[in-house]
Amino acid sequence: MNQMQGSGFKSRTFFCAAQLFFGEEIWCKPVFPLVRKANRNDNRHLFLPCILADSHKSSKSEEKHKHKEHKHKEHKSKDRDKNREKSKHSSSSSKNHSNSEHKDSSEKKHKDKEREKDKDKIHSSGSGSGDRIKKENGFTSPPRIKQEPNDDYTSSIKVEKKPMKRTREDDDVDFKPKKIKLEDLKKAKKRKSEMVTKCLIIFKQQLGSILKSWEGFERKWEEERYTDGVKWKFLEHKGPVFAPPYEPLPDKVTFYYDGKPMKLSPQCEEVATFFGKMLDHEYTTKDIFRKNFFKDWRKEMKPEEKATITDLNKCNFEEINEYFKAQSEARKQKSKEEKLKLKEDNEKLLQEYGYCIMDNHKERIANFRIEPPGLFRGRGNHPKMGMLKRRIRPQDIIINCSKGSKVPPPPTGQKWKEVRHDNKVTWLVSWTENIQGSIKYIMLNPSSRIKGEKDWQKYETARTLKKLVDKIRAQYREDWKSKEMKVRQRAVALYFIDKLALRAGNEKEEGETADTVGCCSLRVEHINLHAELDGQEYMVEFDFLGKDSIRYYNKVPVEKRVFKNLQLFMENKQPEDDLFDRLNTSILNKHLQELMDGLTAKVFRTYNASITLQQQLKELTNPDENVAAKILSYNRANRAVAILCNHQRAPPKTFEKSMQTLQTKIDAKKDQIGLARRELKGAKVDYKVKRDEKCRKSVESKKKALERLEDQLMKLEVQATDREENKQIALGTSKLNYLDPRISIAWCKKWEIPVEKIYNKTQREKFAWAIDMADEDYEF
DNA sequence: GCACAGACTTAGAAGCTCGGGG
DNA sequence: CCCCGAGCTTCTAAGTCTGTGC
C-alpha cells in the first residue's frame with residue numbers, strides 16, 4: 001500500500017505525528033490536511049509549439065514608440081467604425097451570455113465603476129464580464145481557534161534526542177558466552193530497560209500514525225496559518241555566510257599589459273581574476289561585456305594603474321586563466337581523505353548556517369551563502385553584462401528575525417545595516433544588489449512549511465480555475481466582438497495566454513535588461529499573419545524572445561475572429577509598436593481578478609500544464625506495460641507539458657558525442673545482427689542436410705541469440721529517439737513549478753510505480769505535502 | 001492611474017557527484 | 001580502478017504580481 005518505502009518519508013511522518021501528540025518539539029516536515037477532489041473532464045486539447053533548432057538573439061535595442069497616446073486616438077476611432085456593422089450581432093449574443101453568467105455568479109454587486117465608465121458609449125448589457133465569481137476553494141486562513149501554545153518561543157530549542165544507542169563494545173561483551181557475573185547481570189538489566197524504552201518509542205510512533213489518519217488531528221496544521229499577512233511568529237537564524245575574502249595571486253602568476261609584466265594592486269587584481277577566470281567563455285568575446293567590464297575595472301584601479309591600462313585588448317590574462325584551471329584540476333585530484341575533509345567542513349557549515357527555526361520547525365534555508373563578487377552574466381543580449389558585481393559586506397545586510405530571538409552576531413568589528421522584525425515577510429536576510437539595484441533575499445528551502453503551503457495553494461487556485469475555465473473561455477470569445485478596442489485586445493491576449501501558455505508580459509525598463517517580451521508586451525514585429533499556411537487557414541506565426549531570451553517560435557491556426565482582430569490591432573503600426581497598445585498586465589490581471597478570486601495570468605499556465613499532464617497520463621499509460629515503459633510514458637507526458645510551456649535548454653555540450661557513441665553501439669549491434677542472421681541461415685542449411693538433433697538445437701539457439709540482439713537494438717534505438725527528443729527540452733522546470741505533484745503521486749500509486757522513480761530525494765522533500773495527501777484517485 | 005519598490009516564483013546554466021561500463 | 005556522463009545540486013537571473021505613495 002505504501003509506495004514510499006525507502007524514501008525515509010514514512011518514518012519521518014510518523015516521528016512528526018508522534019511528537020505532535022506528545023507535545024514535544026517538532027523538527028520535521030509539516031503535514032497538510034486532505035483536500036476534496038475536483039470534478040473530472042476537461043476537453044482542452046494539446047497545442048504544441050514546434051521548437052526550432054537554435055534560439056536566436058535579438059539584435060534590436062531601438063527606442064520604443066513614444067507616440068502611443070496619439071496612436072490610441074487613431075485606433076479608437078477606427079475601431080468604432082469597424083464595429084458599427086457588427087454591433088447588431090454583438091449585442092444580441094452578449095445578452096445571451098449575460099444571462100448565463102447571471103445564473104452562476106452569486107455576487108453581482110461588486111461591479112466595477114471603471115468598467116461601467118468604459119462602456120458608457122456602447123451597448124446595453126455589459127455582458128457581465130466583471131461578475132465576481134464566488135470564492136470556492138476556501139483556502140484563506142481559517143479563523144484561529146486555538147492560541148499558539150508558545151508564541152514567544154524561547155531559543156532554548158531542544159536538539160533531537162540522542163538515540164538510545166550503545167556502543168559496539170557493549171554488544172560484543174554481551175554476546176560472549178561467559179559465566180554470568182554480577183556486572184553482566186547489571187548490563188543485561190540496563191539493556192532490558194533500554195529495550196523497553198525503545199519499544200515505548202515505537203509504540204508512540206505507531207500511535208502517532210494512527211492518530212495521523214484522524215482528520216481532526218491533522219487540522220492542527222491548518223491552525224498554524226496566520227491571518228493579516230502574518231507569515232510567522234518566531235524566527236531565529238544564524239545569519240548569512242559571506243563569500244571568502246580575496247586571496248591574492250601567487251607571485252609566479254603574472255598579468256601582462258602590452259606584453260610587459262605588471263603587478264596589480266590587490267583590489268585591481270581581484271577584478272582582473274574575475275575576467276581571467278572567464279577567458280574560455282564566449283562572454284569575454286562580446287563587445288558589451290568587454291566594454292562594461294573595462295569601465296568597472298578601471299574604477300577599481302589605483303591612479304597609476306588607471307594611467308597605464310587604457311586598452312583592454314592589450315591586457316593578457318592568460319596566466320591568470322591557467323592558474324585557475326590548474327587550481328580546479330588540483331581540487332579534482334585531491335586524495336580521498338582531503339575530499340572527505342572538505343565534505344565534512346561543508347556539512348558543518350550547513351549544519352550551523354543552513355537551518356533556521358521558524359515557528360517550532362527547524363527548516364532548511366535555500367541560499368544561506370551571500371553571492372560572491374564577480375562579473376555580471378546576464379542572459380541573452382543583456383546591456384549590463386560584464387559589469388562588476390561588488391562584494392557584499394555586513395553593513396549591506398538587513399537581518400530579519402523575531403523580536404524574542406537571538407539576533408545573529410555580525411562578523412567581529414562589523415555591523416549589520418539593519419536588524420528588523422517583520423513577520424509579514426518570509427525572508428531572513430536581504431541586501432541590495434548593485435547591477436539593477438534590486439533586492440536579493442535569503443529565504444527558506446522549498447521543503448519548508450511556508451513554501452510548501454504556498455505551493456499547494458497555487459495548485460488549488462489552478463483547480464478553482466478548472467471549474468470556471470469554460471465560462472471564462474466563453475466570455476473572452478464573446479469579447480472578441482466587443483466594440484471596445486481595449487476589451488478586444490484583452491480578450492485576444494487572454495486567448496493566447498490560455499491556448500499557448502504564454503507569460504503575462506510585464507513592461508520592462510528599456511536599456512536595463514535584454515529585450516524580451518511576454519503576451520501583453522508583444523510587438524507587431526513578433527507575429528506574422530498568414531491567411532493560409534501549410535494548408536491551414538488563419539495562421540499566426542510567433543517569433544519572439546521570452547524569459548531568459550529563450551526563443552518562442554510557433555505557427556498556430558487561430559479562429560477567424562482572432563485573426564481579423566489581429567489584423568485590426570496591427571493596422572497602421574510600425575513593427576516596433578505594441579501589438580496590444582491598450583493593454584498591460586495590470587489591466588489584464590484586474591480583469592481576471594474580477595472573474596475569479598486569486599486569478600492572474602500565470603494561473604492559466606499552471607492550470608494548462610497540470611491538466612495537460614493529467615490528460616496525457618491517461619492517454620499514454622498502457623496498463624499492460626511494465627514499469628520501465630510506464631515511466632517512459634510519464635516522461636512523454638512531462639515532455640508534452642515542457643513543450644507547451646516552451647521550456648528549452650541548450651543542447652548539452654556532450655550531446656553530439658554521446659549521440660555518436662550511442663550510434664556506434666547501434667551500428668555494432670546491427671553488424672552483430674547481420675552476422676547472427678548469416679549464422680542462423682547456415683545452421684538452417686546444415687539442419688536441412690543433416691536433420692539431426694545437434695543441428696536442430698543449433699538452429700534454436702541461434703534463433704534465440706538473434707532475437708536477443710534484435711531486442712537490444714530496439715532498446716538502443718528507443719534510447720536514441722528519447723535522447724534526441726529531449727535534446728533541447730528541459731523537463732525539470734515544469735516538473736518543479738507547474739505540475740500539481742498530486743497528479744504524479746496518484747499516477748504512481750495507481751500503477752504501483754515507486755515514487756522515487758518519478759521524484760528524486762529533493763523533489764520528494766519539496767512535495768512532501770502532496771505525497772502525504774494524494775491518493776490514487778486524486779483528480780486535478 | 002501610474003511609477004516604483006518589494007516580495008516571491010520561475011528559469012536555465014554551471015558545478016558537482018556518483019554509479020556503471022570498460 | 002578509472003573515466004565518463006547522467007542526474008542532482010547550487011546558483012542567481014529574470015520573471016510575475018502586489019502594495020504604496022503621489
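Chain identifiers are assigned alphabetically (A, B, ...) following the order of the sequence lines, protein sequences preceding nucleic acid strands; residue numbering begins at 1 within each chain.
- Relative orientation of the A/Trp416 and A/Phe242 rings is parallel, given thresholds of 30° and 60° on the angle between their planes.
- As judged by a 4.0 angstrom heavy-atom cut-off over every strand, A/Arg379 is placed among the base-contacting residues.
- Among the nucleotides B/dC8, C/dA13, B/dT9, the one closest to any side-chain atom of A/Lys451 is B/dT9.
- Across all strands shown, A/Lys389 has heavy atoms under 4.0 Å from sugar-phosphate atoms exclusively, and none from any base.
- Across all non-hydrogen atoms, the minimal contact from A/Leu522 to A/Phe544 is CD2-CD2, 3.6 Å.
- OP1 or OP2 of C/dA13 sits under 4.0 Å from a side-chain N or O of A/Lys440.
- A/Leu235 places a side-chain heavy atom less than 4.5 Å from the side chain of A/Trp232.
- Sequence order on DNA chain C of the closest nucleotides to A/Asn760 and A/Thr513 puts A/Asn760 first from the 5' end.
- C/dT16 atom C1' lies 14 Å from atom CG of A/Leu502, rounded to whole Å.
- Each of A/Thr432 and A/Thr733 lies near DNA chain B, and the nucleotide nearest A/Thr432 is the one positioned closer to the 5' end.
- For the pair A/Lys277 and A/Phe324, the cation-pi criterion (under 6.0 Å, within 45° of the ring axis) is fulfilled.
- Side-chain nitrogen and oxygen atoms of A/Arg331 include none within less than 4.0 Å of the OP1 or OP2 phosphate oxygen of B/dT17.
- Residue A/Thr426 is in sugar-phosphate contact alone, with no base atom involved, counting any heavy-atom pair closer than 4.0 Å across all strands shown.
- The NZ-P distance, from A/Lys508 to C/dT16, rounds to 9 Å in whole Å.
- Checking the phosphate oxygens (OP1, OP2) of C/dA14, no side-chain nitrogen or oxygen of A/Thr516 falls inside 4.0 Å.
- Atom OH in A/Tyr552 sits roughly 19 Å away from atom C1' in C/dA14 (whole-Å rounding).
- Each of B/dA13, B/dT10, C/dC17 was ranked by its minimum atom distance to the side chain of A/Ala601; first place goes to C/dC17.
- Across all strands shown, A/Lys332 has no heavy atoms under 4.0 Å from either base or sugar-phosphate atoms.
- Phosphate proximity of B/dC8 to A/Lys231: present, with a side-chain N or O under 4.0 Å from OP1 or OP2.
- Here A/Phe542 and A/Phe496 bring their ring centres to under 6.0 angstrom of each other.
- Ring geometry for A/Phe767 versus A/Tyr759: interplanar angle of 30 to 60°, hence tilted.
- Taking only side-chain atoms of A/Asp548, from C-beta outward, the nucleotide of B/dA11, C/dC11, B/dC16 with the closest atom is B/dA11.
- Distance CD (A/Gln593) to C1' (C/dC17): 10 Å, rounded to an integer number of Å.
- In this structure, the CG atom of A/Asp228 is 15 Å from the C1' atom of C/dG19, given to the nearest Å.
- Residue A/Ala366 is classed as having no contact, given no heavy-atom separation below 4.0 Å to the nucleic acid.
- The side chain of A/Tyr738 sits closest to B/dT10 out of B/dG12, C/dT16, B/dT10.
- Between A/Thr762 and A/Gly505, the residue anchored closer to the 5' end of DNA chain C is A/Thr762, taking for each the nucleotide with the nearest heavy atom.
- The closest side-chain heavy-atom distance from A/Leu444 to A/Arg364 is not below 4.5 Å.
- Closest contact between the side chain of A/Tyr441 and the listed nucleotides B/dA7, B/dA14, C/dT16 involves B/dA7.
- Listed candidates were C/dC17, B/dG6, C/dA14. Nearest to the side chain of A/Lys602 is C/dC17.
- Looking at heavy-atom distances under 4.0 Å, A/Lys343 makes contact with sugar-phosphate atoms alone, never a base.
- Within the 4.5 Å cutoff, no side-chain heavy atoms of A/Leu428 are placed close to those of A/Met443.
- Atom P of nucleotide B/dG12 and atom CG of A/Leu736 are separated by 11 Å, given to the nearest angstrom.
- Distance NE2 (A/His647) to C1' (B/dG12): 10 Å, rounded to an integer number of Å.
- Between A/Asn367 and C/dC11 there is no side-chain polar atom (N or O) within less than 4.0 angstrom of OP1 or OP2.
- Nearest nucleotide to the A/Gln436 side chain, out of C/dA13, C/dA14, B/dG12: C/dA14.
- Using a 4.0 Å heavy-atom criterion, one finds that A/Pro446 contacts no nucleic acid atom at all.
- The side chain of A/Asn589 sits closest to C/dC17 out of B/dA7, B/dA13, C/dC17.
- Minimum atom distance to the side chain of A/Lys454 is reached by B/dC8, of the listed B/dC8, C/dC17, B/dA7.
- With DNA chain B read from its 5' end, the first of the two nearest nucleotides for A/Asn737 and A/His281 is the one closest to A/Asn737.
- In this structure, the CD1 atom of A/Ile370 is 15 Å from the C1' atom of C/dT10, given to the nearest Å.
- For A/Arg503, the listed nucleotide lying nearest its side chain is C/dT16; candidates were C/dT12, B/dA7, C/dT16.
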